[in-house]
Protein chains: 2
Amino acid sequence: MLDLTSPVYPVRIVLRRTGLTAELLRAWERRYGVVAPGRTDGGQRLYSEADINRLALLRRATQYGHSIGRIAEFSDSELEDLLADAPAAPSSRSGPTPGAPGQIATNTRRACLEAIQWMDGGALDAALRRASVALGPTQFAEQVIAPLVREIGELWHAGRLRIVQEHLATSTIRQVLSGILAFAPAADEAPVFVAATTSGQRHELGAMMAAAVAAAQGWRAVYLGPDLPGEEIGIAAARLHAGAIGLSLVYPTDDPLIDRDLADLAEAIGRSIPVYVGGEGTARRGPQLGDLGFTVIPSLADLSDRLARP
Amino acid sequence: MLDLTSPVYPVRIVLRRTGLTAELLRAWERRYGVVAPGRTDGGQRLYSEADINRLALLRRATQYGHSIGRIAEFSDSELEDLLADAPAAPSSRSGPTPGAPGQIATNTRRACLEAIQWMDGGALDAALRRASVALGPTQFAEQVIAPLVREIGELWHAGRLRIVQEHLATSTIRQVLSGILAFAPAADEAPVFVAATTSGQRHELGAMMAAAVAAAQGWRAVYLGPDLPGEEIGIAAARLHAGAIGLSLVYPTDDPLIDRDLADLAEAIGRSIPVYVGGEGTARRGPQLGDLGFTVIPSLADLSDRLARP
DNA sequence: CGCCAATTGTACAAGTATTGTCAAGCTTGT
DNA sequence: ACAAGCTTGACAATACTTGTACAATTGGCG
């Protein structure tokens with residue numbers, strides 16, 4: 001039985017699941033000792049599940065704007081607190097991944113924000129579609145959509161965006177994600193990934209991104225929609241013989257409906273189907289979700305990686 | 001443990017979240033001591049959640065017209081009081097025509113209802129797309145989507161459809177309509193058609209159909225999204241130099257917000273832009289809408305016809 | 001009304017701190 | 001053998017800091 005602290009993952013897995021580069025990961029270890037991986041006899045690093053989780057948290061925090069030097073020594077729960085107030089995702093100075101993709105993502109986000117200012121839905125749509133083709137669904141979701149959604153939220157909170165602008169942006173992003181889902185091949189024998197949002201959760205972009213990532217990994221992604229009771233999600237998953245379920249928790253984070261729904265869902269499927277939960281709303285719910293047998297997804301790259309495995 | 005007063009945020013995050021510039025923030029600190037951030041070992045500023053909150057309040061207050069020198073020493077609650085006075089930041093029944101098209105529409109609807117029963121999002125999507133190509137956007141919206149939405153509503157009220165099924169259907173239909181909008185040519189010189197839904201109106205399919213119909217007539221259709229205040233719609237229409245506005249009223253039909261929003265919109269645009277209103281919610285509002293200078297659209301075909309004229 | 005002075009947002013320069021990335025040379029795993 | 005990994009020691013790009021300056025408003029005040 002492998003527990004969360006057994007060192008079993010080689011670097012390349014860590015890189016895929018966290019989105020870090022090899023150089024940066026080693027620099028972090030060397031300079032700040034963010035994790036202390038085990039070693040093979042030959043001296044190569046071996047990471048544990050807990051290490052990966054911590055690194056993903058750190059990366060999200062740095063991409064949000066925290067400086068690595070400051071937060072390197074924070075405990076996992078402190079990092080979660082840090083991310084609980086602050087949404088998930090990049091908007092940092094040098095792009096997430098080096099070179100071209102990061103550049104494309106950064107430029108796209110800038111172009112998108114400009115289009116939103118001008119309420120130019122067409123330009124926004126075009127910019128997003130271009131980027132989605134250039135980057136592929138997973139990178140597109142993680143490096144463009146997620147950060148963009150966060151930036152929009154911040155501008156909106158700062159009072160620098162009108163209601164229409166926010167709505168137009170949301171609608172257009174939803175359109176583009178729909179397009180990606182519709183465009184996905186979907187072989188008949190492919191396992192089914194069911195994505196949805198629980199009661200009261202009206203932010204659907206997270207669930208749609210999860211569906212897009214699943215589709216990119218060859219799953220038949222079915223996006224059920226937002227604001228669904230847990231039991232209903234369970235029924236649909238059972239009827240569709242789903243191989244996995246993706247949920248997104250964003251806001252409100254303290255709604256008691258959430259607990260109810262999660263419990264209902266757990267009961268309806270009885271641990272027979274893996275459930276992945278992502279979004280800012282997961283920050284303070286780690287233990288509860290673990291008890292239900294659900295898996296918390298710290299980043300879309302992590303989800304992508306988990307869905308890629310047999 | 002992280003609380004509201006632990007200094008953890010570097011400046012860049014503060015700037016993003018407050019909308020201040022670095023120079024201005026430092027000037028405020030230097031000149032008025034609005035906040036007293038902590039420092040890293042290297043001397044860089046570190047702000048707390050409470051600091052950010054206070055700065056955001058100050059910035060909003062200054063934008064509202066208060067001078068920073070006067071309010072710099074106000075407590076947070078005094079600032080909130082100050083801002084309390086300030087304004088807050090921010091279908092159809094025309095049956096299918098006989099003949100081939102009607103046949104296609106009927107068959108499509110039957111296939112769709114079956115796919116919905118089986119929660120087969122893929123089949124539903126495929127059937128709708130096929131029909132949309134075969135019939136063209138206008139006929140598709142009028143003969144397939146509109147009646148289908150009505151039938152779904154009826155089944156749902158009769159308790160013969162699960163919540164998931166209804167949601168899946170709605171999401172999928174929305175996807176297909178998005179696809180049509182995205183696919184539309186949209187010449188740059190084409191007049192702009194703005195579609196939206198007023199406050200409290202969460203059924204967006206009507207507005208999306210209107211946008212699709214407009215796109216089919218060569219307009220540049222911009223779908224703003226659901227649940228928007230009338231004033232915001234007016235602002236967007238003005239900014240986009242819209243040639244026409246389409247609204248959809250479905251449910252709830254007696255919400256007083258509707259009257260308010262319609263009046264706001266009318267005032268914002270001052271009869272300079274024709275406004276078309278459709279949906280079941282228009283049934284009891286004919287006179288009111290007429291007074292405002294709005295046009296009631298009894299069917300999508302009617303809208304299509306009106307948009308074709310000029 | 002007209003003028004002076006205070007207020008306030010912005011800009012630039014020069015130096016420090018932080019941090020992502022690279023290169024060279026060597027080792028490990030398959 | 002060859003791709004992937006390791007370590008050490010840089011380097012360069014940003015980000016941030018302090019201090020000073022400047023132009024545009026604003027607010028008295030005669």
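Reminder, nothing fancy here: chain letters follow the sequence lines and each chain counts from 1. Please read all numbers here as calculations on a predicted model, not as lab measurements.
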Flag, side chain of A/R59 to backbone of A/G19, donor-acceptor distance under 3.5 Å: yes
Atom-pair distance (CZ on A/R70; C1' on C/dA17), nearest Å: 14 Å
Within the sub-3.5 Å range, which N or O atoms of nucleotides 9-13 of chain C have a protein N or O partner, and how far apart are they?
unit_1 : atom_1 : unit_2 : atom_2 : d
C/dG9  : OP2    : B/W28  : NE1    : 2.8
C/dG9  : N7     : B/R31  : NH2    : 2.6

B/R17 NZ/CZ over B/Y9 ring centroid, <6.0 Å and within 45° of normal: yes
Sugar-phosphate, base or nothing in reach of A/R39, heavy atoms under 4.0 Å: sugar-phosphate
Separation of D/dC16 C1' from B/E29 CD (nearest whole Å): 12 Å
Nearest-angstrom distance from the residue atom CD1 of B/I71 to C1' of C/dT8: 12 Å
Distance, rounded to the nearest Å, where A/R12 contributes CZ and C/dT28 contributes P: 16 Å
Cation over ring face, A/R54 and A/F74, 6.0 Å, 45°: no
Check: A/Y251/A/Q201 side-chain N/O donor and acceptor closer than 3.5 Å: no
Pair A/D302-A/S299, side chain to side chain donor-acceptor pair (under 3.5 Å): steps then yes or no: CA-CA 5 Å; A/D302 191 272; A/S299 73; 5.3 Å; no
Protein-nucleotide distance (A/Y47, atom OH; D/dC6, atom P), rounded to Å: 6 Å
Residue-phosphate contact under 4.0 Å: A/S67 side-chain N/O, C/dT19 OP1/OP2: yes
Length of the line joining A/H66:NE2 and C/dG20:C1', which is rounded to integer Å: 19 Å
5'-most by nearest nucleotide on DNA chain C - A/D41 or B/Q44: B/Q44
N/O donor-acceptor pair under 3.5 Å between A/E154 side chain and B/R16 backbone: no
A/R285/A/Q288 under side chain to side chain donor-acceptor pair (under 3.5 Å): CA gap, chis, key distance, verdict: CA-CA 5 Å; A/R285 278 171 202 273; A/Q288 181 201 349; 3.3 Å; yes
Distance in angstrom units between A/L15 CG and D/dC6 C1', rounded: 13 Å
Nucleotide D/dC6, atom C1' - distance to CG of A/L25 in whole Å: 12 Å
